[in-house]
A.B. asks: 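Here it is, the structure, as structure tokens.
Sequence lines set the chain letters: A, B, ... in the order given, protein chains first and strands last, and positions in each chain run from 1.
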Amino acid sequence: MTEQSKSALEDDVPEQMRIRREKRSRLIAAGLDPYPVAVPRTTTLKALRERFADLEIDVATGESESVTGRVIFKRDTGKLAFATLREGDGTQLQVMFSLDRAGEDVLAAWKSDVDLGDLVSVTGEVITSKRGELSVLASSWMHAAKALRPLPVEHKPLSEETRVRMRYVDLIMRDTARDVARLRPNVMRSLRESFHARTFIEVETPMLQVLHGGATARPFVTHINAYDMDLFLRIAPELYLKRCVVGGLERVYEINRNFRNEGADSSHSPEFAMVECYESFGDWNSIADLTRGLVQEAAMSVFGSHLVTHADGSVRNLGGTWHEISLFGAISKALGTEVTGITSYDELLKHAKAVGLSVDPKWIPGKLAEELFEYLCKDQLQEPTFVRGFPVDTSPLVRAHRSEAGVAEKWDLYIDGFELATGYSELIDPIIQRERLTEQSLLAAKGDTEAMQLDEDFLRAMEFGMPPMGGMGMGVDRLLMALTGLGIRETILFPLVKPE
RNA sequence: GCGCCGCUAGCUCAACUGGCAGAGCAGCUGACUCUUAAUCAGCGGGUUAUAGGUUCAAGUCCUAUGCGGCGCACCA
């Protein structure tokens, strides 16, 4: 780059960034490295705070430490300057620079070279100030990294868009952002421990699939050059996990990403984390117990309680046994007349029109029943509730109910009005499974982009004998939402955003 | 995908029926040895998202585009 074009570029940047770049150049010219390979660090701010938790006011410990952190406050007074450092876990500590201790040059350099947002290393004696604040009284300091961009205002919340687009800044500035970032791995660990305690084993199955199946959703399509063929990003791991069960991995689970090429909003992300599990010789009842256990153990693990406090301050109780309602029972109650899994499409349509539900003519009868349920009953589902007995025709991988006609042994778990998980008694008869998937593939042929494809290898696996089992899928992002009351984009560190 | 609303300084926001584009924090200069969003004095910082149009005059009105938010639809 020529000097001329460089200066043109420099002229373009905002004043505050220009000044910081000039400071960087000045440091380098003075033989100081604004980006050194290593800096002194003898302890963390957190460890130091814990070690000196009970110091009196205005105490000098005689102990020297080197601490690092990001400068988040800076108060340059005449001969005694203060700053607050913050570490990645949110712990803060004051550092002080006095003319007596540091000397004129060190104090002057600190005042002129350091800006809010810089990462620094400060070495000095651990003391408490006359106001009682635990501090490191500097004898020396150096940059760990010069920040070229100013931090946003500490005391005004960042706009939601900036928080999502610049999550690194959000993490620097906001406690809740840091807490949620740490909550997710804690919940994942709890899930894995819960599964481990129940002798489930974790498996990893393909994300790139030749056929998409295991759920009804539009997939993302990609292409493998080596085989010159299209592949699908998986919409669910179900068909591979069931292959594992056929092979004798009796209790399996997977926690990983699914991809669905559908709308994105406050509770939907195109890529989302899912825990899915299968329990041989279990059914929809045992898998419901397991699901409740997973959620309650996660709450206990991360909050120490089944009572969880949401972002808006409200408290939800996830403890005890949960409500169970029947899907058709709830519809019947809301309509005041009996509706079941064998109620005809025409009759369902009549009810839908009577209550003012606008009906898509493409809906099959089971879909219409589900829509009726959501329209009439969904607002009753704030507390954890298993909604049991979904229509067979919308549940192609689920066993028919052992006694109710037209109904499958499938439940949905609702918390806070959204669907957190779904569980089945899995269909294990390969002949019926083939019929169901054939129906799906006919729907696909008619242009239903969400219908499942006919997976011959999966059917072949079933024909070797699949044990009776319960299965469950739960959105990890949604579990975090249920635990925190936050939107899905808050629970995902880097949700998809369109480029600026 | 459709509808409504928004986009102004580094950040968060003002600017009445069109009439000199402002504040707080942040920044720069100076003062201050106990500050906690320090205080005091002074000073800078803007292609009002982008492109076009109407008008003597546009942040404000019109058109298009981009990005965002909310609602609807689809879905976990």
Side-chain angles (χ1 to χ4, degrees), chain A residues 12-20 22-23 57-58 72-84 92-102 107 111-112 115-117 127-135 137 147-166 169-170 173 214-219 235-236 257-276 358 360 362-363 367 370-371 374 412-415 418-422 448-450 473-479 481-482 487-489 497-500:
Chain A
D12 229 28
V13 307
E15 181 193 34
Q16 297 197 41
M17 286 178 60
R18 201 190 68 239
I19 288 165
R20 285 169 183 246
E22 287 165 3
K23 287 186 182 181
I57 290 175
D58 201 11
I72 56 155
F73 290 116
K74 191 161 177 269
R75 296 173 282 279
D76 291 341
T77 53
K79 299 181 182 63
L80 181 65
F82 301 85
T84 303
Q92 298 180 188
L93 187 77
Q94 178 166 276
V95 292
M96 297 167 59
F97 294 80
S98 75
L99 183 64
D100 294 344
R101 183 66 62 104
L107 179 62
K111 285 193 202 173
S112 64
D115 293 301
L116 286 183
I127 64 159
T128 51
S129 71
K130 286 179 184 169
R131 292 275 188 274
E133 184 84 31
L134 183 64
S135 309
L137 179 60
L148 296 185
R149 288 176 184 269
L151 290 177
V153 179
E154 173 86 13
H155 314 288
K156 295 275 186 180
L158 268 181
S159 69
E160 189 166 339
E161 185 183 356
T162 307
R163 286 179 3 206
V164 170
R165 285 195 188 275
M166 297 195 281
V169 176
D170 190 31
M173 301 306 296
T216 52
R218 288 185 68 178
I235 55 174
R257 226 73 68 81
N258 290 344
F259 305 87
R260 298 189 183 177
N261 206 342
E262 289 162 348
D265 61 28
S266 62
S267 63
H268 296 85
S269 170
E271 55 176 310
F272 61 101
M274 182 99 164
V275 50
E276 206 165 292
S358 57
D360 185 332
K362 287 188 301 222
W363 289 348
K367 177 69 178 167
E370 287 179 14
E371 291 290 336
E374 290 206 9
D412 274 3
L413 171 62
Y414 280 83
I415 295 184
F418 62 80
E419 187 188 335
L420 175 63
T422 186
D448 183 342
T449 51
E450 294 179 1
M474 174 163 60
V476 175
D477 315 286
R478 292 198 162 186
L479 176 56
M481 290 163 63
I488 198 167
R489 280 155 66 94
V497 283
K498 286 197 192 178
E500 290 167 275

A.B. asks: Nearest to the side chain of A:Ser129, heavy atoms from C-beta on, is which of B:C34, B:C28, B:A37?
C.D. replies: B:C34
A.B. asks: From the list B:G45, B:U12, B:A38, which nucleotide is the closest neighbour of the side chain of A:Glu15?
C.D. replies: B:G45
A.B. asks: For A:Glu22 and B:G10, give me the distance from atom CD to atom C1', rounded to whole Å.
C.D. replies: 15 Å
A.B. asks: On a whole-Å scale, what distance lies between the P atoms belonging to B:A21 and B:G45?
C.D. replies: 14 Å
A.B. asks: What is the distance from NZ of A:Lys156 to P of B:A9, rounded to the nearest Å?
C.D. replies: 15 Å
A.B. asks: May I have the distance from A:Leu99 (atom CG) to B:A31 (atom P), rounded to whole angstrom?
C.D. replies: 13 Å
A.B. asks: Please tell me if A:Thr162 has a side-chain N or O lying less than 4.0 Å from either OP1 or OP2 of B:U12.
C.D. replies: yes
A.B. asks: Taking the P atom of each, how far is B:G44 from B:U29, in whole Å?
C.D. replies: 15 Å
A.B. asks: Using the C1' atoms only, state how far B:C67 lies from B:U8, rounded to an integer number of Å.
C.D. replies: 16 Å
A.B. asks: Of all the nucleotides listed (B:C28, B:C11, B:U33), which has the minimum atom distance to the side chain of A:Asp115?
C.D. replies: B:C28
A.B. asks: Nearest to the side chain of A:Lys79 - B:C32, B:A38, B:G68?
C.D. replies: B:C32
A.B. asks: Closest to the A:Ile19 side chain: B:C28, B:C11, B:U33?
C.D. replies: B:C28
A.B. asks: With a non-hydrogen cut-off below 4.0 angstrom, is A:Lys74 in contact with a base, only sugar-phosphate, or nothing?
C.D. replies: nothing
A.B. asks: For the atom pair OG1 (A:Thr128) and CG (A:Leu134), what is the distance rounded to the nearest 0.5 Å?
C.D. replies: 7.5 Å
A.B. asks: Side chain of A:Arg165, heavy atoms from C-beta onward: which of B:C34, B:C28, B:G68 has the nearest atom to it?
C.D. replies: B:G68
A.B. asks: Does B:C74 have its OP1 or OP2 closer than 4.0 Å to a side-chain nitrogen or oxygen of A:Arg260?
C.D. replies: no
A.B. asks: Heavy atoms under 4.0 Å, any strand shown: does A:Met274 hit a base, just sugar-phosphate, or nothing?
C.D. replies: nothing
A.B. asks: How is the base pairing of RNA chain B summarised as a dot-bracket string, given the Watson-Crick and G-U wobble criteria with both distances under 3.5 Å, [ ] for crossing and | for another strand?
C.D. replies: (((((((..((((.....[..)))).(((((.......))))).....(((((..]....))))))))))))....
A.B. asks: What is the nucleic acid contact for A:Phe73, judged by heavy atoms within less than 4.0 Å: base, sugar-phosphate only, or nothing?
C.D. replies: sugar-phosphate
A.B. asks: Whole angstrom is fine here: how far is it from CZ in A:Arg101 over to P in B:C34?
C.D. replies: 16 Å
A.B. asks: If you go through the side-chain atoms of A:Gln16, does one of them form a donor-acceptor pair with the base of B:A26 closer than 3.5 Å?
C.D. replies: yes
A.B. asks: Between A:Glu262 and A:Arg218, does the salt bridge (charged side-chain N to carboxylate O under 4.0 Å, His left out) criterion hold? Intermediate values first, please.
C.D. replies: CA-CA 7 Å; A:Glu262 289 162 348; A:Arg218 288 185 68 178; over 6 Å; no
A.B. asks: How close or far is atom P of B:C11 from atom CE of A:Met166, stated in whole angstroms?
C.D. replies: 7 Å
A.B. asks: Which part of the nucleic acid does A:Glu133 contact within heavy-atom distance under 4.0 Å: base, sugar-phosphate only, or nothing?
C.D. replies: base
A.B. asks: For the CG atom of A:Asp100 and the NZ atom of A:Lys79, what is their distance to the nearest 0.5 Å?
C.D. replies: 10.0 Å
A.B. asks: The side chain of A:Val153 lies closest to which of these nucleotides: B:U12, B:U36, B:G10?
C.D. replies: B:G10
A.B. asks: What nucleotide, of B:C28, B:U36, B:G68, holds the atom closest to the side chain of A:Arg75?
C.D. replies: B:U36
A.B. asks: Please determine whether a side-chain nitrogen or oxygen atom of A:Thr84 lies at a distance below 4.0 Å from atom OP1 or OP2 of B:U36.
C.D. replies: no
A.B. asks: Side-chain contact, heavy-atom cut-off 4.5 Å: A:Met173 with A:Pro157?
C.D. replies: no
A.B. asks: Closest to the A:Lys130 side chain: B:C34, B:U33, B:U12?
C.D. replies: B:C34
A.B. asks: Would you mind reading off the distance between A:Asn261 atom CG and B:G1 atom P, rounded to a whole angstrom?
C.D. replies: 11 Å
